[in-house]
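We use all heavy atoms of the structure for the numbers below, so side chains are in, but hydrogens, waters and symmetry mates are not.
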Amino acid sequence: MGEIDTSDRYRAPALDKGLDILELLATTVEGLSQAEIAKALDRSPNEIYRMLDRLVRRHYVSRTPEDRYELTLKLFALAHERPPIRRLVSLAMPVMRRLARAADQAFHIVVYDRGDLVVVAQADSPGYWSVSIRVGSRIGLLNTGSGHVLMAFASAAERALMLEEHEMLPEELAPPEFEERLNLVRAQGYEAMQSQQTEGVLNISVPILGPNGSVIAVLTSPYIRRLDTSRPPSPEQVVRLMLAASREISKPAGDLPS
């Protein structure tokens, strides 16, 4: 007898339908109508109605006054109930707030998730002017300072897995000197590079380390030079403050599962 394909042995059509809806809504900004969802998923409106009704009742999806459907923050809240992330954020936030006041800059922490990076904590600058990234945002692996630090401090096997999981875009093809750049980041202990997303921003990133020097998260500042103050902190000063903050976070976070 030939081999039996068991990939669909445990199919759950209703669950698949609900997950399809959640994944579709996650890619939209202004929500979708029932008819638009049905068309996008190639299903009948009646099929979609019952599933949408359950998702609304369970508060994963909300229905707007214009009869459009959009995701709530419930999935985001559930993700942050994971004990390692919750503990990391609780340990890091007091340190990040002190750091923001000392450096007069905004800061955020990212962790690796399925080929990209996710912002799990963010502290605003105490001043009026700063650049910040919303918690929950997904950012690139190869074109950000955070990604460079994460890859630089990862093992060869971890780095290979990250690249395998990352959906490579044509503009992200790593240049021949990319490996040299990661070696430099690891040697100096941080990355400082011009943002490839926002002009005038210098991304400064340092690792948050776990046991045996493994990287569990990255602390980043989208550094901007203030012109409305007589003594703005220099990038070098911010790097020193960030390295100290990273050591403070890393010490109690060292036993967090990676």
> Given the rule in the side-chain contact (heavy atoms from CB on, under 4.5 Å) test, do Glu180 and Leu184 qualify, once you have shown the distances and angles that lead to the verdict?
Replying inline: CA-CA 6 Å; Glu180 295 179 13; Leu184 172 63; over 6 Å; no

> Any donor-acceptor pair under 3.5 Å linking the side chain of Gln188 with the backbone of Tyr190?
Replying inline: yes

> Mind checking whether Val239 and Met193 sit in one hydrophobic cluster, side chains of I, L, V, M, F, W, Y counted as touching below 4.5 Å?
Replying inline: no

>> Within this structure, what is the CG-CE distance for the pair Leu19 and Met51, rounded to the nearest 0.5 Å?
In response: 8.5 Å

> Short question: side chain of Gln34, backbone of Pro45 - any donor-acceptor pair under 3.5 Å?
Replying inline: yes

> With side chains defined as the heavy atoms from C-beta onward, is the minimum distance between Val135 and Val120 less than 4.5 Å?
Replying inline: no

> Quick one: are His108 and Arg134 in side-chain contact, heavy atoms under 4.5 Å?
Replying inline: no

>> I'd like to know if the side chain of Ser221 and the backbone of Phe107 have a donor-acceptor N/O pair within less than 3.5 Å.
In response: no

> Does some side-chain heavy atom of Val201 sit less than 4.5 Å from a side-chain heavy atom of Gln194?
Replying inline: no

> If every non-hydrogen atom of Phe153 is compared with every non-hydrogen atom of Val185, which pair is closest and at what distance?
Replying inline: CE1-O, 4.1 Å

> Are Leu88 and Ile249 close enough that some pair of their side-chain heavy atoms sits under 4.5 Å apart?
Replying inline: yes

>> Check this for me: does any side-chain nitrogen of one of Glu248 and Arg98 sit under 4.0 Å from a carboxylate oxygen of the other?
In response: yes

> Are any of the side-chain heavy atoms of Val89 and Ile109 separated by less than 4.5 Å?
Replying inline: no

> Ignoring hydrogens and geometry, is there a side-chain-to-backbone donor-acceptor pair from Arg186 to Ala152 under 3.5 Å?
Replying inline: yes

>> Among Met162, Arg159, Glu158, exactly one meets side-chain contact (heavy atoms from CB on, under 4.5 Å) together with Leu150. Which residue is that?
In response: Met162

> Passes side-chain contact (heavy atoms from CB on, under 4.5 Å), Leu142 versus Met151? Steps please.
Replying inline: CA-CA 9 Å; Leu142 301 181; Met151 295 185 68; 3.6 Å; yes

> Taking it one step at a time, do Val110 and Ile139 satisfy side-chain contact (heavy atoms from CB on, under 4.5 Å)?
Replying inline: CA-CA 9 Å; Val110 304; Ile139 63 176; 3.9 Å; yes

>> Under 4.0 Å between a side-chain nitrogen and a carboxylate oxygen: does that hold for Arg138 and Asp113?
In response: yes

> Does the side chain of Tyr69 reach to within under 4.5 Å of the side chain of Val56, using non-hydrogen atoms?
Replying inline: yes

> From Ser246 OG over to Leu99 CG, what is the distance, rounded to the nearest 0.5 angstrom?
Replying inline: 10.5 Å

> Quick check: does any side chain N or O of Glu23 sit under 3.5 Å from a backbone N or O of Asp20, one acting as donor and the other as acceptor?
Replying inline: no

> Any idea which heavy atoms bring Thr28 and Leu25 closest together, and the distance?
Replying inline: OG1-O, 3.0 Å

> Which atoms form the tightest heavy-atom contact between Val61 and Thr72, and what is the distance?
Replying inline: C-CG2, 3.7 Å

>> According to a hydrophobic-cluster definition based on side-chain heavy atoms being under 4.5 Å apart (Ile, Leu, Val, Met, Phe, Trp, Tyr only), do Tyr49 and Leu22 belong together?
In response: no

> Does the pair Leu141 and His148 meet the rule for a side-chain contact (heavy atoms from CB on, under 4.5 Å), with working shown?
Replying inline: CA-CA 7 Å; Leu141 182 65; His148 288 187; over 6 Å; no

>> Could you check whether Arg181 pairs with Glu191 (Lys NZ or Arg NE/NH1/NH2 to Asp/Glu carboxylate O, under 4.0 Å)?
In response: yes

> If you measure from CD1 on Ile204 to OG on Ser195, what distance do you get to the nearest 0.5 Å?
Replying inline: 12.0 Å

> Say you draw a straight line from CG of Asn143 to CG of Asn203; how long is it, rounded to the nearest 0.5 Å?
Replying inline: 10.0 Å

>> Starting from Ile133, can I reach Tyr112 by hopping between I/L/V/M/F/W/Y residues whose side chains sit under 4.5 Å apart?
In response: yes

> Would you say Asp42 has more than 12 foreign heavy atoms packed within less than 6.0 Å of its CG?
Replying inline: no

> Nearest heavy-atom pair of Gly200 and Ile224: which atoms, and what distance?
Replying inline: O-CG2, 4.2 Å

>> I need the Glu70 CD to Glu30 CD distance, nearest 0.5 Å.
In response: 9.5 Å

> Same hydrophobic cluster for Val131 and Val238, using side-chain heavy-atom links shorter than 4.5 Å among ILVMFWY?
Replying inline: no

>> I need the minimum non-hydrogen distance between Pro207 and Ser250, along with the two atoms involved.
In response: O-OG, 4.3 Å

> About how many Å separate OG1 of Thr220 and CG of Leu117, when rounded to the nearest 0.5 Å?
Replying inline: 8.5 Å

> Tell me, do Ile21 and Leu52 make a side-chain contact under 4.5 Å, heavy atoms counted?
Replying inline: yes

>> Tell me whether Val218 shares a hydrophobic cluster with Leu161, the cluster being built from Ile, Leu, Val, Met, Phe, Trp, Tyr side chains joined at under 4.5 Å.
In response: no

> Between Ala100 and Pro126, which heavy-atom pair has the shortest distance, and what is it?
Replying inline: O-CD, 3.2 Å

>> Does any part of the side chain of Arg54, heavy atoms only, come nearer than 4.5 Å to the side chain of Tyr60, both counted from C-beta?
In response: no

